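As the structure is a computational prediction, the values presented were derived from the model and not from experiment.
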Amino acid sequence: MTASYSQTITDYDTKAFAGISGDHNPIHVDDEYASESRFKRRIAHGFHSASFFSAIFGTQLPGKGCVYVSQSLNFKRPVYLGDTVTASVTVIGIDLQSKKVDFETLCKVRNKVVTSGTAQIFLPEG
């Protein structure tokens, strides 16, 4: 079982994420600073893309009422403003006794992995 979610990263989204997270690192919010960086332009927060996993879990698979237990993340490539990120989660294990599901989690931009990891989710009660 797999589910996915896609979103294009905008200037507004990046600045809003900085406000919500408190991470105002200029690599994310300052064009001039970022132009002097190794990336040569602004990059999105890694956790911005990773937050799309939560959107999938809470609305698609397993759906409302589920709760995160854990998430591992490996940031492979930068995500730039204007990139469309496609996050996907795939079931890799189910423990019905403990009501936990294990997932592979991936974010891709132009079919290249930018974030990988695994997650464990409590199934909703009932």
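Here SG of C66 is found 12.5 Å from NZ of K99. Values are rounded to the nearest 0.5 Å. For the atom pair CG of L81 and OG1 of T10, the computed distance is 7.0 Å after rounding to the nearest 0.5 Å. Note that the NE2 atom of H45 and the OG atom of S21 stand 4.5 Å from one another [nearest 0.5 Å]. Note that NZ of K76 and CG of L106 are 9.5 Å apart. Values are rounded to the nearest 0.5 Å. Between atom OG of residue S88 and atom CZ of residue F52 there is a gap of 13.0 Å, rounded to the nearest 0.5 Å. To the nearest 0.5 Å, atoms CD1 (I9) and OG (S49) are separated by 5.0 Å.
When hydrophobic clusters are built by joining Ile, Leu, Val, Met, Phe, Trp and Tyr residues whose side-chain heavy atoms come closer than 4.5 Å, directly or via intermediates, F57 is grouped together with L96. I27 and Y80 fall within a single hydrophobic cluster, where Ile, Leu, Val, Met, Phe, Trp and Tyr are joined by side-chain heavy atoms under 4.5 Å apart, directly or via other members. Under a hydrophobic clustering in which Ile, Leu, Val, Met, Phe, Trp and Tyr are joined whenever their side-chain heavy atoms come within less than 4.5 Å, directly or via other members, L61 and Y5 fall into the same cluster. With hydrophobic clusters built from ILVMFWY side chains whose heavy atoms lie under 4.5 angstrom apart, V109 shares a cluster with F75.
Under a 3.5 Å cut-off, the side chain of S51 and the backbone N or O of H48 do form a donor-acceptor pair. Panel note: side chain D95, backbone Q97; a donor-acceptor pair is recorded below 3.5 Å. Between the N25 side chain and the H28 main chain, no donor and acceptor come within less than 3.5 Å of each other.
Put simply, the side chain of L73 reaches to within 4.5 Å of the side chain of Q71, judged on heavy atoms. For the pair E104 and V89, the minimum side-chain heavy-atom distance is 4.5 Å or more. When side chains are defined from C-beta on, V79 does not count as touching R77, because their heavy atoms never get closer than 4.5 Å.
No hydrogens or angles considered: nothing links the side chains of Q7 and T84 as a donor-acceptor pair under 3.5 Å. No donor-acceptor contact under 3.5 angstrom links the side chains of D11 and T14, judged on distance only. Remark: the T90 side chain and the T2 side chain contain an N/O donor-acceptor pair separated by less than 3.5 Å. Residues E36 and Y33 have side chains that never bring a donor and an acceptor to within less than 3.5 angstrom of each other.
Under 4.0 Å is where a charged nitrogen must lie from a carboxylate oxygen, and between D31 and R42 at least one such pair does.
Residues S4 and T86 share a closest heavy-atom pair of CB-CG2, 4.3 Å. What you find for P124 and G63 is that their closest heavy atoms are CG-O, 4.4 Å. Nearest approach of P78 to D83, heavy atoms of both residues: O-OD2, 4.4 Å.
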Under 3.5 Å, which donor-acceptor pairs link side chains of residues 113-123 to any protein atom two or more places apart or in another chain?
| unit_1 | atom_1 | unit_2 | atom_2 | d |
| --- | --- | --- | --- | --- |
| T118 | OG1 | S72 | OG | 3.1 |
| Q120 | NE2 | D102 | OD1 | 2.8 |

Pair F53, F103 - check ring pair (Phe, Tyr, Trp, His ring centres under 6.0 Å), show working. CA-CA 10 Å; F53 301 136; F103 292 89; 9.9 Å; no
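Under the 6.0 Å cut-off for aromatic ring centres, F47 and F17 do not qualify, their centroids lying 6.0 Å or more apart.
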